[in-house]
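Order of the sequence lines sets the chain letters (A, B, ...), proteins ahead of strands, with each chain counted from 1. Just so you know, these numbers use all the heavy atoms, side chains as well, and skip hydrogens, waters and symmetry mates.
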Amino acid sequence: MNGKFFQFSRLLYILLFFFLTCNLRAEQVSENTTIFLKTVRFLSLTDYSVQIVLLGVIFMGFGCGLMGGFVVTRKLSLFGDTLSHAVLPGVAVGFLWSQSKNSISILVGAMIAGFLGVFLISLIKKTTKVRLDSALGLVLSGFYAIGICLLTRIQKMEFGNQSGIDRYLFGQITGLSSSDVWGMGISCLLIVLITILLYKEMLLTGFDPGFARSVGLPVDLLQYLLWMLLAFSVITSLQVVGVILVSALLIIPAATASIITQKMKGLLLWSATLGVSAGIVGTYLSFLGNQLPTGPLIVLTSTLFFILILLFHTENGILFKWLHSRGREQKISVENTLKAVYQELEKNSFSDDTITISDLAKRRRINMPEANKEAKNLVRKQFAFLLKKENIALPNEDTLSLTPDGWGEACRIVRNHRLWELYLTNEVQYAPDHVHEDAEKIEHILGDVTVRKIERILSNPRMDPHGKLIPSQQDIEKGYIDKKLVRVL
Amino acid sequence: MNSSPLPLEIHDLTVSYHRRPVLYGVDLEIEEGSLVGIIGPNGAGKSTLIKTIMGIVPSRGGWVKIFGQKGKKSYTRVGYVPQRESVDWDFPVSVLDVVLMGRFAHVGWFKRVSKKDRSIASECLEKVNMLAFADRQIGKLSGGQQQRVFLARALAQESDLYLMDEPFAGVDAVTEDAIIELLRELKNRGKTLIVVHHDLSNAKDYFDQLILLNMRLIAHGEVEKTFTKDLLQKTYGGRLTVFTEIADQVANTQTSDQVTHNHL
């Protein structure tokens, strides 16, 4: 957990650095255009390029987000990555075929290469003992290497110079044409359509392919359909974010969504929404800072969303969990101190209603500063008040006295502890010297209902296995324990 | 042959995994309304038999008839309970979602589950005493509860033949009692049940018939006739050394044309 957290905080620093530099640049480059004016320009959608790009990233974010939901829940995250690398040789060959960058042949080439990659993976799985992750890595790096070789050759050719073919490697959104956006739109529409129509079939084949086969579903066919859609969304997104970052569009929104919800429908919706939001925010940020590329900024925004939700989600967030456990620890500490005060009072047969801080320190086995802190905690919670007394051994030492609330809480904890000990010895047949440690933990979590139940089972006992008095409800309400009673027991 | 077809008829069924034969020439005829246990040592091919009947694992020879029919059409009449470990319990689905999956074969392609399907699923959850957990994510259940969810899903299939793969594995005593009670109730309603079982100590009490399996069919029949020292020894004792050796040889020499199964 700690190691993970360290990585995230480092990521956060890097992100912060980027956003700062991005803002600085915006101010340096154009002194008369403030961020505000740029924001207005962005939001009013007056620039045609902004319109095109925004439409593109919305389609891309939605489609990839949905696909990511399916891919991540099937534990095939690496599969999207492999597919995105595998299409690269196809892009290059398609480009060579038509010698232009906006053409259907690139799409076709990418599809063919993608399916070749998928086919090779299944072939390796079927015929060899190589495991799936190794097969994925093999195909990923092999195809990528071929792609890089071809692309380098193309760039050295005469028509290659102006081709902008390297945008497939790193992504470049400025050259986005309306036909590219059409492609994204169609792929997004297909994904939405299939998700709606085949939701339950996809759910079943994803969760339990064996059972799906047993009810006659064509599991392999559905899987190929999923891969085809995955290939569509990967190929259409390539020019925005590039080969390497495409898988981030698939994985990050879905991973974020899986922190938020544990239902498939919710996960798909959240994933798509997060994908779209990251697309819009990333585009806006790159619009503010002229020098920064859109694709990586979209991925960074997506990562930022992930970190924010990981930290601040109200149920599964790290911060919430930390606060929760800290609150519990504090409660336990306060309860232990109250118990110690009670035991000190009991030691004097309740003849005195105050104890000294040094007694408390001794009883709780902590040092004086810690004991003072604990005492102040009780005072802050209005469980006790501090007062100075003159005629005790240590001059000017504060003494502690419980308020009615504090007395009630102290009695409750001691009662829980002793009742549980008695329950363990009488009903569960524990030896009396084995029960204390267990009771130390259970005393903090016993609820009123359970306490009543135990009292009924043990018929309202007054004495614990060690011969000590169990404070009763009346003792709590009365506010003190009769000295005579203590002596009798 | 009877006028009405048998729930399950298997002839000369042979199956292999990665070229290695795991089941040889199995012949079986199961009559309607029987509660049958499949027992045998680890690696005897018990789960494989079930999976082959359900078409999850392809066979290399022989045939399976379910209510007189071969192939996919017959699957709607079979309820299937896979092994609990076969799925990812972190998958984002609720208990009710999983039970509804049992209705999918009845719902048909592209359509959504109806209110009627939902009420059937709820009834099935009620039967296994899990209705209170309907909305819970399946990972947040104990092993016994997860098994009951699978059982409820099979009930929701409203089938006539049930195939269950180790439904008693890793469940608490209460769940075990609940399951066996449910199996008997189904049997009394004329359903046919075939259950892979690993615990010899109670196999005799749980089932009416036993199938003794160890790569081939050792015996099939009423418990009194099959739960005998001789037959059990034949099933469990004495490793079939020559048999396994040959199987290994086959695995090493045979070329291509094998059909393997992958989960990619």
Evaluate the criterion side chain to side chain contact (heavy atoms under 4.5 Å, CB included) for residue pair Trp109(B) and Leu217(A); output intermediate values, then yes/no.
CA-CA 9 Å; Trp109(B) 285 86; Leu217(A) 281 184; 3.9 Å; yes

Checking Phe211(A) against Arg153(B) for the side chain to side chain contact (heavy atoms under 4.5 Å, CB included) test, could you report, in this order, the C-alpha distance in whole Å, the side-chain angles of both residues, the deciding distance, and whether it holds?
CA-CA 10 Å; Phe211(A) 187 83; Arg153(B) 179 173 71 175; 3.3 Å; yes

Can Asp208(A) and Tyr80(B) be said to form a side chain to side chain contact (heavy atoms under 4.5 Å, CB included), step by step?
CA-CA 12 Å; Asp208(A) 193 347; Tyr80(B) 173 50; 6.0 Å; no

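Closest non-hydrogen pair, Gly108(B) versus Glu201(A), comes out as O-OE2, 3.9 Å. Here the closest heavy-atom approach between residue Arg213(A) and residue Gly55(B) is recorded as CD-O, 3.9 Å.
Here the side chains of Met264(A) and Pro92(B) are in contact, with some heavy-atom distance below 4.5 Å. Inter-residue side-chain proximity for Ile196(A) and Phe110(B) is flagged as unmet; no heavy-atom pair is nearer than 4.5 Å.
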Please table the atom pairs, donor to acceptor, closer than 3.5 Å between any side-chain atom in residues 67-75 of chain A and protein atoms at least two apart or in another chain.
residue: Thr73(A); atom: OG1; partner: Gly69(A); partner atom: O; Å: 2.8
residue: Thr73(A); atom: OG1; partner: Phe70(A); partner atom: O; Å: 3.1
residue: Arg74(A); atom: NH2; partner: Met202(A); partner atom: O; Å: 2.8
residue: Arg74(A); atom: NH2; partner: Thr205(A); partner atom: OG1; Å: 3.2

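A distance of 5.5 Å separates CE in Met101(B) from CZ in Phe207(A), rounded to the nearest 0.5 Å. In this structure, NZ on Lys265(A) lies 9.5 Å from OG on Ser94(B), to the nearest 0.5 angstrom.
The most heavy-atom pairs under 4.5 Å with chain A, out of Ile53(B), Asp97(B), Asp88(B), come from Asp88(B). Ranked by heavy-atom pairs under 4.5 Å with chain A, the list Val87(B), Asp90(B), Val78(B) is led by Val87(B). Between chain B and the residues Leu267(A), Val219(A), Leu203(A), the largest count of heavy-atom pairs under 4.5 Å involves Leu203(A). For chain B, the option among Gly206(A), Ala212(A), Gly266(A) with the highest count of heavy-atom pairs below 4.5 Å is Gly206(A). Of the listed residues Leu198(A), Leu197(A), Val215(A), Thr261(A), the one with more heavy-atom pairs under 4.5 angstrom with chain B than any other is Leu197(A).
Gln262(A) and Lys140(B) share a donor-acceptor pair across their side chains, judged by distance under 3.5 Å alone.
In this structure, the side chain of Lys200(A) engages the main chain of Lys111(B) through a donor-acceptor pair within 3.5 Å.
Each salt bridge (charged side-chain N to carboxylate O under 4.0 Å, His left out) pair with one or both residues in residues 45-54 of chain B, not counting sequence neighbours, would appear here, but there are none.
Annotation for Phe119(A): atom CZ does not count as buried by contact number, only 12 or fewer foreign heavy atoms lying within 6.0 Å. No more than 12 heavy atoms of other residues, nucleotides or ligands lie within 6.0 Å of OH in Tyr430(A), so this atom counts as exposed by the packing criterion. Annotation for Arg112(B): atom CZ does not count as buried by contact number, only 12 or fewer foreign heavy atoms lying within 6.0 Å. Residue-environment remark: OH (Tyr423(A)) stays at or below the threshold of 12 foreign heavy atoms within 6.0 Å.
Looking at Leu100(B), neither its backbone nor its side chain comes within 4.5 Å of chain A, counting heavy atoms on both sides. Interface remark: Val98(B) contributes side-chain atoms only to the contact with chain A (heavy atom separation under 4.5 Å).
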